[in-house]
Amino acid sequence: KYLNKIKEEDEACRAALQSGNIFLYHKLAPLLRRTDSGIYQLPALQTKEEILEKLGEDKEMVKESILINCTEQNEAQFSFDVGTRTSRHVIHYFMEHTELCRGTFVDLRKAFFLLRGSEAPLVARGQALLRWHQTNGFCSSTGQPTQRNQSGSQRVCHSSGITYYPKMSPVVIVLVSDGKRCLLGRQSTFPRGMYSALAGFCDIGETMEEALRREIAEEVGLEVESIQYSGSQHWPFPQSSFMVACHATVNPNETHVSVDKVELEDARWFSLEEVQEALTIKAPPRNNKGEPTVFWVPPSYAIANRLIQEWANLQHLKSYLN
Ligand SMILES: NC(=O)C1=CN([C@@H]2O[C@H](COP(=O)(O)OP(=O)(O)OC[C@H]3O[C@@H](n4cnc5c(N)ncnc54)[C@H](OP(=O)(O)O)[C@@H]3O)[C@@H](O)[C@H]2O)C=CC1
Ligand SMILES: [Mg+2]
C-alpha cells in the first residue's frame, strides 16, 4: 500500500527520497561490493550521504532517482545512474573512491549470478527501470520529449497525451521431457559446457501455449503433447524479459531432435544421472583458458535451474512410487 502511494503521489515520493536508500549505477552497471567469499553485495547509500553530494554541481540531481521498491520497514529503494548526466570529474571521483562508495561498478552480466538470490531481482529491476527511462525520453508518436512522474513509474507526452509505462518482453521457457530424459540446448554465446531449457520470445498476439509449441517446433522439430505451468521471473538479459516457465512432454516414440543451427549450437536429451550431476556443480571446473570443462546448467537463481530441479525431483518421485 505504501509502495503504491509513493509510486503514484509525487509529494509522498519526494518525502520518501529524503530517507530512502539509493543504489548507484554507471551506464547501467551496478555499484557492487565483492566479498571475500567471491559473491557480490549491493551497497545501499543513504540519500543524505556525503558521497551523493558529489553528484555534480547540482545537488538536486539525486531527485532524478527512480523508485524500485520498498523494504518491509517502508524504506523506499531507488536507483540512480551517475553515468548519464553527471560530469566526467564526478564519475572519476566515484571510480577512484571505491572505499567511500563501498564498491565498484560491475557489468551486470558478469555479476548477476554472483549476487545473493534476495538482491539479484532488486539489481535487475533497478537496471531495467533506468534503461527504460534512458530510452523513452521522446514520444514515438509526436517526437516531443516525455516527462516522468517523481517515482519514475510512467512518462507522459503532454503534446499527445500518451502515457508510457515500463515494458517487459514476454518469453516462454520450457523444459521438454520424453518421460525419462529431458531436452536441453545451448546457444553459441553461452559459456562453454552450459546447457539450458529452451526459450523464445512470444510473437505479438500469441498465447503462451502457442509460443511454446512454435518455439519447440522451430528450434528442435518436436511436437509438444502436454504443457504444465511452473513459475515466472523477470530477467534482465538482453533487456527486460518476463520469463514464463513451463514443463512440456513429447511422445516417447517421437523424440528425434532436429536442431535449428541458426538459433542453437546444440540440443540433446540428457539422462537423470547426467542432470543430477550437473545440478551439484556450483562453479564448473575450468581449463587453462578459463573455460568450463564439464556439462553444467544455469545457477539456482535462473528459472531454468528451477525447471531442471523440479524435473529431477519428479523423476525421483516416480522411481520411488514404482
Ligand atoms: N532465466 C533463465 O533461466 C533463462 C533465460 N533465458 C532468456 O530467454 C531469452 C529468450 O531466449 P532466446 O532463445 O534467446 O529467444 P528466441 O529463441 O526467441 O531467439 C532470440 C531472437 O529472437 C528475436 N527476438 C524476437 N523478439 C525479441 C525481443 N522482444 N527482444 C529480443 N529479441 C527478440 C531476436 O532475433 P534478431 O536478433 O534476429 O532480431 C533474437 O536474437 C534470452 O534473452 C535469455 O536471456 C534463456 C534461458 C534461461
Ligand atoms: Mg530460443
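Along the sequence shown, residues carry numbers from 1. This structure is a prediction, so every number in the text was calculated from the model and none was measured. Counting starts at 1 for both ligands and their atoms, following the listed order.
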### For the student: nearest non-hydrogen atoms of Tyr301 and Gly117, plus distance
CE1-O, 4.2 Å
### Message
If I take atom CD from residue Glu225 and atom CG from residue Asn251, how far apart are they, to the nearest 0.5 angstrom?
### Response
4.5 Å
### Arg131 to Tyr25 six-membered ring, cation-pi geometry met (6.0 Å, 45°)
no
### Query
Can Arg213 and Glu209 be counted as an ion pair, charged N to O under 4.0 angstrom?
no
### Task
Could you list who else is in Phe138's hydrophobic cluster, with ILVMFWY side chains joined at under 4.5 Å, directly or through other members?
none
### Query
If you take all heavy atoms of Thr142 and Cys157, which pair is closest and at what distance?
OG1-SG, 3.4 Å
### ILVMFWY clustering at 4.5 Å (side-chain atoms), partners of Ile227
Met168, Val172, Val174, Val176, Leu183, Leu198, Met208, Leu212, Ile216, Val220, Leu222, Val224, Tyr229, Phe242, Val244, Val250, Val257, Val259, Leu264, Trp269
#### Entry: Proximal protein residues to ligand 1, non-hydrogen atoms under 4.0 angstrom
Ser169, Val171, Ile173, Gln187, Ser196, Ala199, Gly200, Phe201, Glu215, Glu219, Gln233, Trp235, Phe237, Pro238, Met243, Glu263, Ala302, Ile303, Ala304
#### Entry: Note, Arg192 side chain near Asn287 side chain (heavy atom, < 4.5 Å)
yes
### Query
Quick one: does Trp311's side chain get under 4.5 Å of Ser230's, heavy atoms only?
no
### Task
Identify which protein N/O/S atoms are less than 2.8 Å from the Mg ion (ligand 2).
Ala199 O, Glu219 OE2
